[in-house]
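Below is one structure, written out as structure tokens; comments come after it.
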Amino acid sequence: MSNAVALSVTDLHTYLGESHILQGITFAVPEGGVTALLGRNGVGKTTTLRAMLGLVPRSRGVVSLAGADVTRLPTHAIIRRGVGYVPEDRDVFAGLTVTESLRLAERDREPRYDLVYELFPELHTRGAQRAGTLSGGQQQMVAIARALLNDNSVLLVDEPTKGLSPLLVTEVANALERVAALTTVLLVEQNLGVVQRLARQVVVLDTGRVVYEGDAAELLGDGARVRQLLGVHGATH
Amino acid sequence: MSTFVLLTITGLGLGAMYFLVASGLSLIYGLMGVLNFAHGAFITVGAYAAWWMSGHIGGGAGTQLVVGGAFGIVAGAALAAGVEVVFIQPLYRRPIEQVLVTVGLALALGALVQGIWGNDARPFPVPSWMIDTTSVLGANIPNDRFVVIAVAGFVLIGLTAFLRYTRFGLIIRAGVENRAMVTALGIDVRLAFTLVFALGGALAALAGVLSGVYFGSIDPSRGTALLIFAFIVVVIGGFGSIGGSAVAAITVGLVQQYANYYASAGTGDLAVVLLLAAVLLIRPAGLAPKVAH
């Protein structure tokens, strides 16, 4: 495992309206594998990802990508530095077909359609179908495929298994496992079974602050600590 | 029967002009969330630029119309792109200020046109064959109606093909649904913003030129008059939907004509407002809403 840092945030603050959502978040994502960003509902996990990309305003803090400060760059420029983003609610374009959705996401000269269709063969057969008419699981495939199409150095993946059936959860986890072998993944995930299977590192947030950062197996193996930090029992899947 | 045919084709011609104005307005709001009250000024400036150019070139009325019209469209596109770069971009995410600046621009540009060319209507170069009539089911229809309808039809087909088959079109369609997600795919939507504004300006100017053909003259209030109904068309059709705008524009044009004739003169505008109210009550987001952000 490399010691290099793929992505880091330092003293990140974000307000949404009057609410101080992120209150000085600091953590680093090591290069390679999956780092999970955990926490109870509403502690700021999704906002952290969005603030890192500039999708919500940051009042203070530094976001670095492979050591380079990208805080002042607009969202599209951060993405073009090699970041893939899979948003929480998939955010597929309902009026675009699957093929159009993937075409829109192309950035590299040679998009990785082979990888995408190998992981999600269904997207190939449903190329002409409008994304808005796909099932939740299929929409998640489109959302992940958009991020995989380009050779990104980091993927920010926000609750990819949310609302999916157990079968699809396994399918998505398999895909992420394969992806994690190719690139660095920062994963927001509520399903501790998936976290236990995929993550090497974990960062736990509580009320807009980092309260734990360390080895995933160590935390998930400590039931009392998991209950204390996440308010749930350990992995069940 | 002949009266009904005449009313229908005249209504379609009017609807065609509403569509040209509304399609740009709809895309601009759908993609950028900007309610562009300066759109009427693009109509007026386009029409006057075409009229001005036609007076500075030789040839017959047909040549003057084509060359002047092309100049007017380019002027409308350039003005719109300039407005977007200079006034709208600095006010991104500040909708109240955007409304204020576009209202101010509409007033200022209207006053500028009046200041230079006065309030009087100016005769527009129209080839004689367009003034002639063609008999359709017993009704004598001025040929300019067919020209206006045909041009709007070509624009609808071209716009649909542009949105469907080009990468810019793809970006615009996606951006109308979810602008933030488009940027999260690494796409700089600011370029698409300028392009859509320029496209809207060109279409508005084209509507201004065609209104000169349709009415035989232009005046400084033309843009405002068309803009009011174009806004109604956009609301009825659904912000961001070209197809919705086309259907709504035809409906508004026809309702206006039928009401003016079959009810009483002047009730056409009232009928359109009632239609708007009915659509808002039944489908508040319009016939084919696309905006998701």
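Proteins come first, then strands; the chains are lettered A, B, ... in the order of their sequence lines, and each starts at number 1. Atom set for the values below is all heavy atoms of this structure, side chains included, hydrogens, waters and symmetry mates excluded.
Using a cut-off of 4.0 Å between Lys/Arg side-chain N and Asp/Glu carboxylate O, A/Glu159 and A/Lys162 are scored as not salt-bridged. Salt-bridge check for A/Arg50 with A/Asp158: failed, with every basic side-chain N at 4.0 Å or more from each acidic carboxylate O. Ion pair A/Glu118/A/Arg178 flagged as a salt bridge, since at least one NZ, NE, NH1 or NH2 atom sits closer than 4.0 Å to an Asp/Glu carboxylate oxygen.
Interface remark: B/Val189 contributes no atoms to any contact with chain A (heavy atom separation under 4.5 Å). Proximity to chain B involves both the backbone and the side chain of A/Leu104, based on heavy atoms less than 4.5 angstrom apart. Within the 4.5 angstrom heavy-atom criterion, no atom of A/Val83 approaches chain B. Of the two parts of B/Phe168, neither the backbone nor the side chain holds a non-hydrogen atom closer than 4.5 Å to a non-hydrogen atom of chain A. At a 4.5 Å heavy-atom cutoff, A/Ala147 makes no contact with chain B through either its backbone or its side chain.
Contacts with chain B were tallied for A/Leu53, A/Val92, A/Thr75, A/Asn150; A/Thr75 has the most, counting heavy-atom pairs under 4.5 Å. Heavy-atom pairs under 4.5 Å with chain B were tallied for A/Arg80, A/Glu106, A/Glu100, A/His76; the largest tally goes to A/His76.
Rounded to the nearest 0.5 angstrom, A/Leu49 CG and A/Tyr85 OH are separated by 6.0 Å.
Judged as a ring-ring contact (aromatic ring centres under 6.0 Å, His included), and not counting sequence neighbours, the contacts of B/Phe229 are B/Tyr18.
No donor-acceptor pair closer than 3.5 Å links the side chain of A/Ser64 to the backbone N or O of A/Gly67.
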